[in-house]
Engineer: 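Below is one structure. I have some questions about it.
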2 protein chains.
Amino acid sequence: MKSDKLRITSQRDVILDELRAAKVHPTADELYEQVRRRLPRVSLATVYRNLEWLSEQGLARKIEVGGRQKRFDGDISDHYHVRCHKCGRVADVEMDLLDGVEDRIAQCCGFTVTGHRIEFTGLCPACSNGSAC
Amino acid sequence: MKSDKLRITSQRDVILDELRAAKVHPTADELYEQVRRRLPRVSLATVYRNLEWLSEQGLARKIEVGGRQKRFDGDISDHYHVRCHKCGRVADVEMDLLDGVEDRIAQCCGFTVTGHRIEFTGLCPACSNGSAC
DNA sequence: TCAGTAATGATAATAGTTATCATATAAATG
DNA sequence: CATTTATATGATAACTATTATCATTACTGA
Ligand SMILES: [Mn+2]
Ligand SMILES: [Mn+2]
Ligand SMILES: [Zn+2]
Ligand SMILES: [Zn+2]
């Protein structure tokens with residue numbers, strides 16, 4: 001009988017490792033550049049594929065913020081983000097989760113509400129003081 | 001002396017009118033289909049251009065929710081949204097805005113925080129009861 | 001009526017992501 | 001350890017949503 005277990009490849013290993021090491025919330029291509037340093041023959045498709053896979057496995061998070069590109073987070077704990085509307089940089093926000101807020105709005109729209117996400121917007125330190133991002 | 005006033009064209013007029021009439025938060029191509037009924041020769045580019053323009057003028061809002069496509073809102077009042085993670089539908093949430101929440105996190109990340117956005121997620125009525133969206 | 005300029009429609013280009021497919025490789029089996 | 005086989009990979013094509021280009025159209029004011 002064949003196993004249906006998924007494999008741990010060196011690519012997966014390095015991708016998750018680099019994602020966790022990144023202080024920023026990298027886009028797929030930003031992470032690709034990092035991973036390339038350790039695996040020069042890696043494909044961008046592999047990075048995309050595994051970011052998707054890691055998210056499905058609950059080992060990483062796809063954070064849906066505004067902006068064209070998706071960003072990823074190696075920190076799977078529930079937390080909020082702030083995004084710079086000038087350069088797109090995303091940082092963590094140290095704020096307690098709003099508790100029970102989903103129940104408060106559960107009735108009014110007919111939706112079955114299961115979660116919420118707060119995205120603060122503003123200017124990052126670099127963009128605040130006129131310097132190029 | 002030449003005027004630098006911007007023109008109200010019939011396309012603009014109809015686009016804003018249809019956007020305001022839409023109960024959903026349409027994507028550009030959804031709105032394009034609506035506008036086409038009244039202006040059969042309209043171009044999709046014109047819809048994109050004017051949705052952008054209307055947003056800049058403060059006559060409409062570009063709502064940055066998750067999902068691939070941008071959505072637009074003819075209701076320019078500040079309010080939160082809930083998005084169906086199955087079909088992408090977006091509805092308004094009847095909840096008072098969180099007050100002073102931006103100040104509470106202003107220090108912790110170095111960002112100059114100027115706004116926030118809450119996106120609730122869940123299942124819309126149609127997706128809740130097994131029926132096709 | 002005319003000149004000047006902004007907007008339009010058609011379409012090309014771009015960006016980001018996903019799909020395809022031949023080859024490589026991890027892990028189960030013997 | 002060698003064999004088998006399903007999964008993962010790398011290269012690249014295809015796709016989707018959006019933005020840019022540009023010749024033409026049509027407001028607007030003189
Ligand atoms: Mn984070
Ligand atoms: Mn709305
Ligand atoms: Zn910035
Ligand atoms: Zn739905």
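In what follows, chains carry the letters A, B, and so on, assigned in the order in which the sequence lines appear, proteins first and then strands, with residues in each chain numbered from 1.
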Engineer: Going by distance alone, is a donor N or O of one side chain under 3.5 Å from an acceptor N or O of the other, for Asp75(A) and His25(A)?
Structural biologist: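 Judged by distance alone, the side chains do not pair up.
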
Engineer: What is the separation between atom CD on Glu56(A) and atom P on dT7(D), rounded to the nearest whole Å?
Structural biologist: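 Rounded to the whole Å, the gap is 15 Å.
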
Engineer: When all nucleic acid strands are considered with a 4.0 Å heavy-atom cut-off, which category describes Asn50(B): base, sugar-phosphate, or nothing?
Structural biologist: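 Sugar-phosphate, backbone atoms only, no base.
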
Engineer: Rounded to whole Å, please give me the gap between CG in Leu39(A) and C1' in dA24(C).
Structural biologist: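 From Leu39(A) CG to dA24(C) C1': 15 Å.
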
Engineer: Do His85(A) and Phe111(B) have ring centroids that are under 6.0 Å from one another?
Structural biologist: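 No.
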
Engineer: How many Å lie between CG on Leu51(A) and P on dT18(C), as a whole number?
Structural biologist: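 It works out to 10 Å between those atoms.
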
Engineer: Below 4.0 angstrom from OP1 or OP2 of dT18(C), is there any side-chain N or O of Tyr48(A)?
Structural biologist: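 So the side-chain polar atoms of Tyr48(A) never come under 4.0 Å of the phosphate oxygens OP1 or OP2 of dT18(C).
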
Engineer: Where do Leu59(B) and Leu16(B) come nearest, in terms of heavy atoms and distance?
Structural biologist: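 So the two residues come closest at O-CD1, 3.7 Å.
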
Engineer: Can you tell me the distance, in whole Å, between the CH2 atom of Trp53(A) and the P atom of dT18(C)?
Structural biologist: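 To the nearest whole Å, that distance equals 17 Å.
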
Engineer: For Thr27(B) and for Ser10(B), find the nucleotide of DNA chain D with the closest heavy atom, then tell me which residue's nucleotide is more 5'.
Structural biologist: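 Its nearest nucleotide lies further toward 5', so the answer is Thr27(B).
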
Engineer: Between dT18(D) atom C1' and Leu31(B) atom CG, what is the distance in whole Å?
Structural biologist: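 It is 15 Å, rounded to the nearest whole Å.
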
Engineer: Any donor-acceptor pair, under 3.5 Å, between the side chain of Arg12(A) and the base of dA8(D), if you only look at N and O atoms?
Structural biologist: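 Result: no qualifying N/O pair found.
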
Engineer: Are any of Lys62(A)'s side-chain N or O atoms less than 4.0 Å away from OP1 or OP2 of dT17(C)?
Structural biologist: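 So the side chain of Lys62(A) is outside the cut-off, no N or O lying under 4.0 Å from OP1 or OP2 of dT17(C).
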
Engineer: Return no unless some side-chain N or O of Lys70(A) is found under 4.0 Å from OP1 or OP2 of dT18(C).
Structural biologist: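 Yes, Lys70(A) has a side-chain N/O under 4.0 Å of OP1/OP2 on dT18(C).
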
Engineer: Glu52(A) has an atom CD; how far is it from atom P of dT18(C), in whole Å?
Structural biologist: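 About 6 Å, once rounded to whole Å.
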
Engineer: Would you say Gln11(B) reaches dG9(C)'s phosphate, i.e. side-chain N/O to OP1/OP2 under 4.0 Å?
Structural biologist: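 True: Gln11(B) side-chain N/O within range (under 4.0 Å) of dG9(C) OP1/OP2.
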
Engineer: In whole angstrom, give the distance that lies between atom OH of Tyr32(A) and atom P of dG16(C).
Structural biologist: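 The distance from OH of Tyr32(A) to P of dG16(C) comes to 15 Å, rounded to the nearest Å.
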
Engineer: Does a side-chain N-to-carboxylate-O contact under 4.0 Å join Arg38(B) and Glu18(B)?
Structural biologist: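 Looking at Arg38(B) and Glu18(B), the cut-off is met.
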
Engineer: Does the plane of the ring in Tyr80(B) sit parallel, tilted or perpendicular to the ring in His116(B)? Use 30° and 60° as the thresholds.
Structural biologist: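 If you compare the ring of Tyr80(B) with that of His116(B), the planes turn out tilted.
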
Engineer: Could you write out each protein N or O paired with an N or O of nucleotides 11-16 of chain D at a distance under 3.5 Å?
Structural biologist:
from    : atom 1 : to       : atom 2 : distance (Å)
dA11(D) : OP1    : Arg41(A) : NH2    : 2.9

Engineer: Return no unless some side-chain N or O of Thr9(A) is found under 4.0 Å from OP1 or OP2 of dT9(D).
Structural biologist: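 Answer is yes, contact under 4.0 Å.
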
Engineer: Report the distance from atom CD1 of Ile8(B) to atom P of dA7(C), rounded to the nearest whole Å.
Structural biologist: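 Roughly 9 Å, once rounded to whole Å.
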
Engineer: Find which nucleotide of DNA chain D each of Ala28(B) and Thr46(A) is nearest to by heavy atoms, and output the residue with the more 5' nucleotide.
Structural biologist: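 Its nearest nucleotide being more 5', the pick is Thr46(A).
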
Engineer: With a 4.0 Å cut-off on N to O distance, would you call Arg36(A) and Glu33(A) a salt bridge?
Structural biologist: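 Yes, Arg36(A) and Glu33(A) are salt-bridged.
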
Engineer: Quick one: pull up CH2 in Trp53(B) and OG1 in Thr46(B) and give me the separation to the nearest 0.5 Å.
Structural biologist: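 So the CH2 of Trp53(B) and the OG1 of Thr46(B) are separated by 13.0 Å.
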
